[in-house]
Each structure stands twice: as C-alpha cells, then as structure tokens.
Amino acid sequence: MKTDQARRRLLAGLGATLGLAAAGLPLGGSASRARVVVVGGGFGGAAAARALRQFAPDLEVVLVEPSAVFRTCPFSNLYLGGLRSFGSLGHHYGYLQRRHGVRVVRSSARAVDPERRQVRLVDGTRLGYDRLILSPGIDMRWDALEGYDQTAAERLPHAWKAGPQTRLLRRQLQAMDDDGLFLMVIPDNPYRCPPGPYERAAMVAHYCRRHKPRAKVLLLDAKDAFSKQALFEQGWREVYGERIEWVGFSGDGEVVRVDANQRIVETAFGNRHQADVINVIPPQQAGYIARQAGVTDRSGWAPVKAGTFESRLVPDVYVIGDAAVAAPMPKSAFCAHSQAGVTAAAVLASLAGREPPEPAWLNTCFSLIDSDYAISISGQYRLRDGEIQEVSGGVSPLQASQEFRRREAEHARDWYAAMSHAIWGA
Amino acid sequence: MRTGNSGGQRAAAATTEGALGAVALGLALLPGVAFAERVPVATLAHGCIACHGAATTDRDPSIPPLAGHDADVLLQLLRGYAEEDPAESTSMHRLTRGYSDQELAELARHFAEQEQ
Ligand SMILES: Cc1cc2nc3c(=O)[nH]c(=O)nc-3n(C[C@H](O)[C@H](O)[C@H](O)COP(=O)(O)OP(=O)(O)OC[C@H]3O[C@@H](n4cnc5c(N)ncnc54)[C@H](O)[C@@H]3O)c2cc1C
C-alpha cells in the first residue's frame, strides 16, 4: 500500500515522472537511452520536447529550432491592434534547456533520412534518432495565388508567421491614411487558425477607431462560412458599426490574382479592388521539412494515424501541430500543445514496445473583438472507431452580457500566460 | 507543476531502479488494465494546464491554477460543470461534459496531490 502510494505520488502528473526503462527495455544500445529528436520549437515541438522529458526524465530529447526567440502568432493580432507590445510575443528556450534538460540545437533541419533514422541539419551535422517528431508549422504556397510570391509579400504582407511580417503589417497600418482601406485576402480551408483572420479584422478596426477614424476594413474570403461567424459578425457590428465588411465566396470574395505594385487584387469574377494596405493570407501547406521527409501527401499536409500522430507514410516519424491532418481538430496552438502531450505518451509507449495509451485532446480558441470583449470555441476530442471525433464542445452564446464577454477577454489573457508558461516557462 | 527539486530527484532515483520503471503514464503499473480503456491521467492533465498552469501574474487570474486544491471540492466543481451550464461557466462546461466521472475524479485527485 505504502509503495503504491509512493508510486502514485511519483506518477502524479506532469511534474512527475514515468520511468522509461520499461520492462526489460534496452533503449538505444549500450547507453540504454533512447533519443527522440523534435524538429520545430513552436507550440507543438517545444511542448512535445518538454512533455517527453517530464514523462521520461532519462530520455534524451533534442530540439532543433533555428530561432533564439520564438514569436507567437497567438496575440500577434493584439499587437496589430495596439493591445500588446511586439516584445511580449517572444519566448526563449532557456528554461527548456536548463531546467527541463532538453538539448536545444539552434539550427534548421534540412533533410530526413528515414532509412538511417537521421536528421541532417543545414550545417551538415547528422542527428540520429530512435523516434522523430516533426512540428514545423506551415509554409506559404507561393505558387497558389497568381502574383503572390515572396517578393510580393514584402509589399502585401501575410503576417501569418509572427515576426518581421507582423511588424511590417503594423507599420503599413500606422502609415495608412485616415480614411484608408485595409483589405484582407482570406483563403479557403484548411489553413492555420480558422478564426485568426476575423480576430485580426477586429483588432485592425480597434486600432482604426482611435487612430484612423474614417478607415474601413474589407475582407475578401474564398469561402462562404467561417469559424464563430455569427459571434464575429455580431461583435463587429456592436463594437465597430459598419467599419468591417465581409464578402464571402458567393459574393465574389474569392481573390485569384494580386498586383503587388499597384496594390490591387482581382476576384474570380474579375472585380478589381485597390487598397492602401493589403494583407494577403495565402493558401498554405505543411512546413518544408515535412514535405522533404516524405510524410505529406498531395494535399500538402501530413496524414497521420489518429491515435498517435505517427505518420501514415513513414514509420517512427510523428507529425503534430499545423502540419498534420487532424480534422476535426483545428490548426491551433492549443491543439498543437494538446497533440504534443498525447504524442509524447505514444512515443514513449512505442519505445517501450507497448500499445499506445488511449488519447484525449482539447482545444479552446479565444478571439478578441475588443480589449474587454472576447468570444471562444472549445472542443474535446477522442478516438472513436479509429477516428478523431469531437465528444463535447461549443462556442460562446450569442446572447451574453458585457460581463460575460469581459470575462472571456480575461480568460484569453490568462490562457496566453498559462500556455506560454507551460511550454517555454520555468 | 512541481516546484523545487525533490520531486525530480526522487523521480530520477526511481527511474534508475531500472527494469521495473514503467513507461506508461501510470498505467503500466497497473497490470491487467488495458490501455485502450483508459486515458492516462497525465494525458488528461496535460490538457488542463494549457489554461490552468502556474500562477504567472500578480493579479488574481480569471482562470485558477489547479494545484493543491482539495480533491473533493475540485471534483464537486467539475461535476457541476459537467452536469449543467452554470451561469458561472464560460467554457468549462463545454469541455467537462466530455470526461467520464471517473476521469474527473482522477483529475481532481491528481491536482490535489500537486504542490501549489
Ligand atoms: C494571426 C494568428 C493568430 C493566432 N491565434 C491563435 C490563438 O489565439 N490560439 C491558438 O490556439 N492558435 C492561434 N493561432 C494558430 C497557431 O499559431 C498555430 O496553430 C501554432 O503555431 C501551430 O504550432 P506548430 O508547432 O504546428 O507550428 P509553429 O508554432 O509555427 O512552430 C513551428 C516551428 O518550427 C520551426 N521550424 C520549421 N521548419 C524547421 C526546420 N526545418 N528545422 C527546424 N525548425 C523548423 C519554426 O522556426 C517554428 O519555430 C494563430 C495563428 C495566427 C496566424
């Protein structure tokens, strides 16, 4: 009984431990230590590296990430709106390294050799792995929208990866005329952060209310419906009146061509819109290394086994976060973190030669309409008949008090603090 | 999350005990329990800490950290969320309905055992 209790305490949770040296398991040769390499230090990858070390303190975990500072897309819309500083979006890897024993290698993975189980870095270094987790996020599809390539993005920023692009968009917004037009081009599903464009519209409107009183925000969308639509439309109207206009696919919202020099976009039916600032969110695909590793299919995303997120195409390689096909889970930071926990457990089970434990995933995405007004969508997901299914969930009510919306705005801030702490913090 | 080092040291000692250490998030210690039947509490708790982590601000957070609360109180709260849409709840009831009662009890116990 007593030992039982002691064990229970030991295993109590995340801070505690799950010995890796499972039943007679020789891990990775004489060192009896397995090595898991994680590529990408964003929400999925950094969370996976940390979870692995927490669950199995003996495991060697190598995290490959080129940036010294990770900038979060979450809350980058608040930066655009003037509610957050750019600095507040940055997180370092110091705690992961020093406190959690993750070996952080500051480099980019250039290639994966699944036969030899090696990751090759840009400097030529080869890293052997027993299991590999890829969480590289997204790349833009530069061939998908006529006229929109990397050069065009310097004039018409996407700001869909947080960093210089986000600052560029903010500068353009600040430099815009008082009665300027801010135009956003929004892609069809699937893409990173389904409610992200609509939160951005609200945050841009928030900025304009104060600094560009006569400016308008026009959204040209390649689809006819979007996440939390009724709540967004209600919130936009309540807070910003007529400032934000959304045009869906049926209203000729699909942009098929852009002219970066003239700042003009053209729709499927040939309508041309000129604007002062154009934010083009182009179609996307899994990050380069996932494509190089052979884990993606023709969709550009990585099909995975539902219970573990092991690649369906390459054994012992797991893909989590935005790069994976995880529907009905959205491509969100919350989901990437949740998948990291489940996949860390699955990787450990696999190393121990066991069946993976039963998974459970969560999501909650908050969207700010105003500094004291947020809405949210949540879901819990389980494996049912071999597929990922939502077992509970919902969105904020359409009828709610100001106090309710204010509380959700506070939740959003607390979520951001807790989530970044759980991943990059002490 | 545990603060201090003692947990880590104990943990390290335990894992070097070797062959009996188990991989599986608690479950491997319960022979006979089929993996497929239960979600390990560590997996469940990983979901919670995405919002309910350590207190990171000075002010009272609108989302409370869960560590160190009384297990019964916590369980009662969770059951309340699961059973209805209490006016107090913004999103908790949407998520809580997806857990079994046993899972809620395990979560409550799990967080009660953690240091604040
Ligand atoms: C404007 C906006 C707002 C958002 N708001 C929210 C929100 O409020 N809530 C929410 O849950 N989600 C939000 N998201 C979505 C969220 O940003 C993503 O879902 C999340 O970042 C996905 O995590 P990931 O690990 O897949 O990718 P990322 O977090 O992008 O991490 C990928 C990492 O991999 C690294 N990498 C890539 N290739 C290599 C390589 N070859 N070698 C080494 N490293 C590599 C990159 O440098 C990067 O650090 C938002 C997104 C946007 C654009």
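Heavy atoms only: backbone and side chains are in, while hydrogens, waters and symmetry mates are out. Fair warning: this is a prediction, and the values are worked out from it, not measured in the lab. Every chain is numbered from 1 and lettered A, B, ... according to where its sequence line falls, protein lines coming before strand lines.
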Checklist entry - Partners of H91(A) by ring-ring contact (aromatic ring centres under 6.0 Å, His included), sequence neighbours excluded? => result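 By the ring-ring contact (aromatic ring centres under 6.0 Å, His included) rule, H91(A) matches Y416(A), W424(A).
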Checklist entry - If you count heavy-atom pairs under 4.5 Å with chain B, which of V395(A), N363(A), I377(A) comes out on top? => result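 Winner by heavy-atom pair count: V395(A).
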Next on the checklist: If you count heavy-atom pairs within less than 4.5 Å of chain B, which of S338(A), G393(A), P359(A), A47(A) leads?
Outcome noted: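 Greatest number of close heavy-atom pairs with chain B: G393(A).
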Checklist entry - Is a salt bridge present between R406(A) and E403(A), judged by a nitrogen-to-oxygen distance below 4.0 Å? => result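 Between E403(A) and R406(A) there is a salt bridge, with a charged N closer than 4.0 Å to a carboxylate O.
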Checklist entry - Mind checking what makes side-chain contact (heavy atoms from CB on, under 4.5 Å) contact with S350(A), not counting sequence neighbours? => result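 Result, side-chain contact (heavy atoms from CB on, under 4.5 Å) vs S350(A): R131(A), Y318(A).
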Next on the checklist: L59(A) vs V347(A), test: side-chain contact (heavy atoms from CB on, under 4.5 Å). Steps then yes/no.
Outcome noted: CA-CA 11 Å; L59(A) 187 71; V347(A) 162; 5.7 Å; no
Checklist entry - Heavy-atom distance under 4.5 Å to chain A: side chain of L44(B), backbone, both or neither? => result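 Contact with chain A: side chain only.
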